[in-house]
Structure formats: C-alpha cells, structure tokens
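Since this is a predicted model, take the numbers as computed values, not measurements. The sequence lines fix the lettering, A, B, ..., with proteins before strands; numbering per chain opens at 1.
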2 protein chains.
Amino acid sequence: MHATLRDAPTPLTRSVEDYLKVIYHLSSQGGFASTSDIAAMLEVAPPSVSGMVKRLSETGLIEHVPYRGVQLTNQGRRAALRMIRRHRILEVYLTQQLGYDWDNVHEEAERLEHAVSDELIERMAGALGDPHYDPHGAPIPTPGGEIEEAELITLADAPVDGVLELRQVNDDDPARLRYLADQGLTPGTRLTVLERQPFNGPTTVRIGAATRVVGRELALALWCRGVQA
Amino acid sequence: MHATLRDAPTPLTRSVEDYLKVIYHLSSQGGFASTSDIAAMLEVAPPSVSGMVKRLSETGLIEHVPYRGVQLTNQGRRAALRMIRRHRILEVYLTQQLGYDWDNVHEEAERLEHAVSDELIERMAGALGDPHYDPHGAPIPTPGGEIEEAELITLADAPVDGVLELRQVNDDDPARLRYLADQGLTPGTRLTVLERQPFNGPTTVRIGAATRVVGRELALALWCRGVQA
DNA sequence: GGCGCTGATTAGCCTAGCCTAATTATGAGA
DNA sequence: TCTCATAATTAGGCTAGGCTAATCAGCGCC
Ligand SMILES: [Mn+2]
Ligand SMILES: [Mn+2]
Ligand SMILES: [Mn+2]
Ligand SMILES: [Mn+2]
C-alpha cells in the first residue's frame with residue numbers, strides 16, 4: 001500500500017498558521033524570511049521565532065538556514081496559500097454580505113481564518129460567485145493553491161506621465177484605508193502621474209477630473225499596473 | 001473614581017468558554033455541575049476539570065463547593081449566555097444563509113463561536129431578522145443575556161391522548177437529526193400521542209394524517225409543550 | 001586580519017491545558 | 001458505626017507558545 005495514501009493531516013495551530021502566512025509574505029519575492037522580520041510582523045520576540053522555526057522545520061513546513069532565514073517547503077506553501085484563500089474569501093464575504101467596510105474586515109478575518117472549515121469557505125466563495133480579488137485588490141488563491149502573480153509597482157515608483165491602474169492597496173492600516181476610500185483611491189481606479197517632487201517628495205496624480213497629491217508613505221502602499229494610454 | 005468603570009474584560013480562552021457553556025447546561029436545572037459530568041461532556045479527564053475549576057473559581061466565574069460541584073456566578077452566567085447566543089445565531093445563519101443542513105451546523109458553530117466578534121454576531125442576527133430560536137428549536141439569548149425558560153417535557157413523558165407541539169430537539173447527533181427531518185419531526189410540528197407501550201416501550205403519535213412509532217431513546221430527545229386541543 | 005555591531009540563537013523560565021497514577025473524601029449499606 | 005466503592009482531588013509530567021537575559025555568529029570597516 002502507499003506509505004501515504006492520505007496521511008493524517010495533523011491540524012495546524014493558529015500560531016503555526018499565522019507564522020506560515022507571514023513567512024509566505026516575507027519570502028514571496030524569492031528570498032529568505034529573517035527571524036527579526038518574522039518577529040516584527042507577528043509582534044513576538046525573536047527568540048519565540050527561533051523556537052517556532054525549529055518546530056516548523058522539524059515538521060517539514062519550512063527550510064531553515066541558520067543565521068540566514070527560512071523559506072517555505074512545498075507543503076508549507078500549500079498551507080500558507082490555503083490560509084490566504086480563507087482570509088481573502090472571508091474579507092470579501094464580510095464586505096459583500098454583511099455590510100462591513102473595507103477598513104475593518106482584516107482583523108475579523110485574521111481570527112476567523114483559523115476557525116472556518118474548508119466547506120464553509122467554499123460555500124462563501126460560491127455565494128459570492130467565486131471572486132478573484134479581495135476588497136483591497138489582493139488576488140485570491142484557488143482551492144488548489146494557484147495564485148495570480150501580477151507585476152505591480154508602487155505609486156512612489158511609477159514614472160511621471162505614466163497612466164496607471166490602481167490594482168491593490170495595503171490593508172494593514174484601517175485609518176489609511178478610510179482615507180484612501182475618501183480620496184477615491186480604490187482598486188480599479190485610473191491614474192495619471194502628473195509630477196513628483198524630489199527628495200522623496202509627494203506624487204501628484206490626476207483621477208478623472210480631480211488632482212490629488214499623494215505623500216510618499218501613502219504612495220508606497222498603492223500598487224499599480226501600467227496601462228496603454 | 002469607580003473601581004471598575006469598565007475593567008479590562010480579559011478575553012476568555014476557547015477552553016474556558018467551552019467549560020462555561022457545559023457548566024451552564026449541567027446546572028441549568030438549579031443544581032451543581034459535578035466534576036465527572038463536566039469531564040464527560042468535554043471529553044477530558046476528571047483531573048483536568050479539577051484544575052480548570054480551580055482557575056475558574058479564582059477568576060470569579062464559578063463557585064466551587066469541594067466534592068459537591070460547581071455553579072456559575074453571575075459573571076460566569078453572562079459569559080456562558082453570550083457563548084450560547086453566538087452558537088445559536090451561527091447555527092441559524094449557516095442554515096438560512098449558507099445552505100447548511102440542520103444536522104451539520106453544530107460542529108461548525110462549536111468552533112466559530114470562539115472566533116467571531118460581537119459585531120459580527122449582531123450583523124448576522126440583523127441579517128436574519130433577530131431570530132428567537134436556533135434550527136433545533138433552542139431559544140436564543142438576547143445580547144443582554146436574557147433567555148426564554150420554557151417548561152418542556154420529552155415525548156417519552158407526554159401523557160397519552162395529549163396534543164403537543166414539538167418545540168425543540170437535541171442537536172448533538174447528526175444521524176438522529178437526519179432521521180427526525182425524514183420523519184417530519186421538526187420544531188413546530190403538532191403531535192397527538194396515541195399510545196405508549198409499557199416497560200419503556202415506544203410511543204405512537206399522529207402527525208397530521210400519518211402515524212409514527214417513536215422509540216424511547218428518540219422520544220427522550222424530543223421536547224414538547226402541551227397544547228389546547 | 002582583527003574589532004565590534006547587529007541579529008540569531010541558546011538557556012532558562014512561565015502559563016494554559018491537557019494527561020496518568022496515587023491519594024483522599026463522601027456517603028450508602030451492612 | 002464501620003466498610004468500601006465511587007468520585008474528587010493532589011502530585012507530577014508533558015507540549016505549545018510565549019518571555020528575558022546571556023551568548024554567539026556573521027560581516028563590514030579600519
Ligand atoms: Mn490569523
Ligand atoms: Mn485584504
Ligand atoms: Mn466551542
Ligand atoms: Mn442547536
């Protein structure tokens with residue numbers, strides 16, 4: 001018989017699931033996730049990360065190169081993408097079906113993602129018509145673990161005179177999200193970059209008929225794609 | 001200033017929340033919940049319960065009389081009723097809005113009840129029109145912690161020739177729930193008790209035009225209210 | 001090539017929750 | 001009243017997942 005026809009998929013703990021998600025995000029540009037970056041994102045002390053890294057690599061979810069960092073194994077990546085699908089489907093469901101605003105879904109999804117069953121997530125996805133993006137424009141992985149890899153640049157890096165489509169905004173700060181909605185800066189919006197001040201200065205853009213000045217900090221949270229003028 | 005104008009409501013753990021719910025159910029008929037009954041319902045060993053009982057009474061959620069059992073304090077009862085509201089609202093939501101059957105909502109609600117925010121529960125309740133009963137007929141506490149106390153008898157105890165309304169069914173066995181739905185034995189159904197065999201034998205009832213024989217084990221899971229003929 | 005800063009790891013501790021084995025209290029019946 | 005079965009508790013141990021303080025590895029710079 002097969003050694004593992006379907007070997008008991010030990011349920012992961014909430015902590016483990018959050019570590020895997022963070023490691024996924026930190027190493028998605030191909031590199032290693034460092035202990036201190038993981039610690040900062042999870043708001044735990046670096047030694048806590050060292051301890052968890054030991055356990056995760058023993059269970060085969062990550063690869064650890066001491067003093068360099070960690071990367072997900074295929075198994076770890078599958079688990080991380082499953083959590084990301086859950087998180088993003090939940091965010092869409094809460095906004096579309098339960099009247100949540102896009103600035104306060106993140107926290108709720110952060111807890112629920114660990115408690116919902118696969119069946120519930122797929123029922124929610126079905127009720128929503130299988131959405132491809134979350135409310136902040138982030139792509140939703142398929143149940144099989146495929147995820148769209150778009151090449152996006154931040155508004156801070158966009159060339160002057162370029163025409164852009166705002167595709168995705170960082171969703172980690174509710175106040176920022178409220179401001180963005182207020183300014184009409186939501187995914188799908190067309191922008192023209194009018195000018196940028198030197199020394200990390202603000203970028204001026206045209207949105208429809210309006211003009212907006214966007215500071216560098218904010219511009220770094222706005223992910224765009226170039227568009228044929 | 002007030003000693004507790006709003007004293008930090010330390011969030012309870014999943015374990016603590018489940019203990020409180022179980023203690024609520026075991027002591028709802030006015031008595032004490034025993035260590036071994038709590039252990040059996042939570043599927044843990046009795047010493048685990050002794051340990052948790054110590055902590056819960058130290059934090060003021062229960063009152064412990066050694067070798068007798070425990071009861072909820074007012075604070076504990078409030079916390080328990082909050083969990084019961086969550087559980088039952090979730091059950092209604094899953095069945096009404098997401099196509100779950102009444103026999104498989106319990107397990108999902110048992111996990112989600114610990115992860116949802118009060119805001120999400122109230123949004124779900126609102127979307128449902130503030131239901132008063134869960135899919136199995138159990139009353140839903142109000143956000144303020146009020147719960148309907150109905151005097152129900154099991155079908156096994158109902159007098160022959162009585163006319164009853166089935167109000168509530170025990171929801172702990174999915175197979176039983178499927179069978180009940182199949183037999184038309186759902187909350188709200190009118191029954192006439194035609195006869196009962198001696199020696200703990202089955203009860204025969206009329207449902208509309210049909211006749212059903214209900215064994216004692218099943219009859220003990222059906223809670224009814226007498227009705228004027 | 002060595003110094004020293006930074007970041008990672010190790011050592012040691014803590015709490016929550018579980019467990020088994022041993023001990024003790026309670027109360028029903030002889 | 002004494003005995004003894006049963007239930008409860010205590011003793012002691014384990015894992016997950018945190019923490020702080022101490023140590024160590026890597027590497028840029030003089
Ligand atoms: Mn999370
Ligand atoms: Mn998002
Ligand atoms: Mn539960
Ligand atoms: Mn129920």
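- Ion pairing between D118(A) and R86(A) holds under the 4.0 Å rule for side-chain N and carboxylate O.
- Straight-line distance from the CG atom of L42(B) to the P atom of dG17(C): 12 Å, rounded to whole Å.
- Defining each end axis of the helix from dG1(C)-dC30(D) to dA30(C)-dT1(D) as the rotation carrying four pairs' C1' atoms onto the next four, with five pairs an end, the two axes are found to diverge by 20° to 10 degrees.
- Between E122(A) and R85(A), at least one side-chain N (NZ, or NE/NH1/NH2) sits under 4.0 Å from a carboxylate O, which counts as a salt bridge.
- Residue S15(B) places at least one side-chain N or O under 4.0 Å from the OP1 or OP2 atom of dC18(C).
- Evaluation of the salt bridge (Lys or Arg N to Asp or Glu O under 4.0 Å) test over residues 97-108 of chain B, restricted to residues two or more places apart or in two chains, returns D103(B)-R178(B), E108(B)-R111(B).
- Not one N or O on the side chain of S27(B) forms a donor-acceptor pair closer than 3.5 Å with the backbone of Q71(B).
- Between the CG atom of L20(B) and the P atom of dG17(C) there is a distance of 11 Å, rounded to whole Å.
- E110(B) is linked by a salt bridge (Lys or Arg N to Asp or Glu O under 4.0 Å) to K21(B), counting only residues two or more places apart in sequence or in another chain.
- An OP1 or OP2 oxygen of dT6(D) is reached within less than 4.0 angstrom by no side-chain nitrogen or oxygen of S36(B).
- To the nearest angstrom, C1' of dC19(D) lies 15 Å from CD of E43(A).
- Atom-to-atom, OH of Y19(A) to P of dA16(D) comes out at 13 Å; the value is rounded to the nearest Å.
- At whole-Å resolution of the value, CG in L61(B) and P in dA16(C) are 13 Å apart.
- Geometrically, R167(B) engages Y133(B) in a cation-pi contact defined by less than 6.0 Å to the ring centre and at most 45° from the axis.
- The shortest distance between the side-chain N/O atoms of S48(A) and the OP1/OP2 oxygens of dG17(D) is not below 4.0 Å.
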Starting at the 5' end of nucleotides 9-15 of chain D, put B wherever the base has a protein heavy atom under 4.0 Å, S where only the sugar-phosphate does, and a dash everywhere else. BB-----
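- Note: CD (E58(A)) to P (dG17(D)) measures 13 Å, nearest angstrom.
- Distance CG (L56(A)) to P (dT9(C)): 13 Å, rounded to an integer number of Å.
- What separates CG of D18(B) from C1' of dG17(C) is a distance of 13 Å, to the nearest Å.
- Listed by first then second residue, pairs satisfying ring-ring contact (aromatic ring centres under 6.0 Å, His included) with a partner in residues 21-64 of chain B number zero, not counting sequence neighbours.
- Side-chain atoms of A45(B) lie closest to dT20(C) of the nucleotides dT20(C), dG17(C), dG17(D).
- Residues W102(B) and D171(B) form no side-chain contact, since every pair of their non-hydrogen atoms from C-beta on lies 4.5 Å or further apart.
- By the ring pair (Phe, Tyr, Trp, His ring centres under 6.0 Å) test, W223(A) is found to be paired with no residue, residues two or more places apart in sequence or in another chain being considered.
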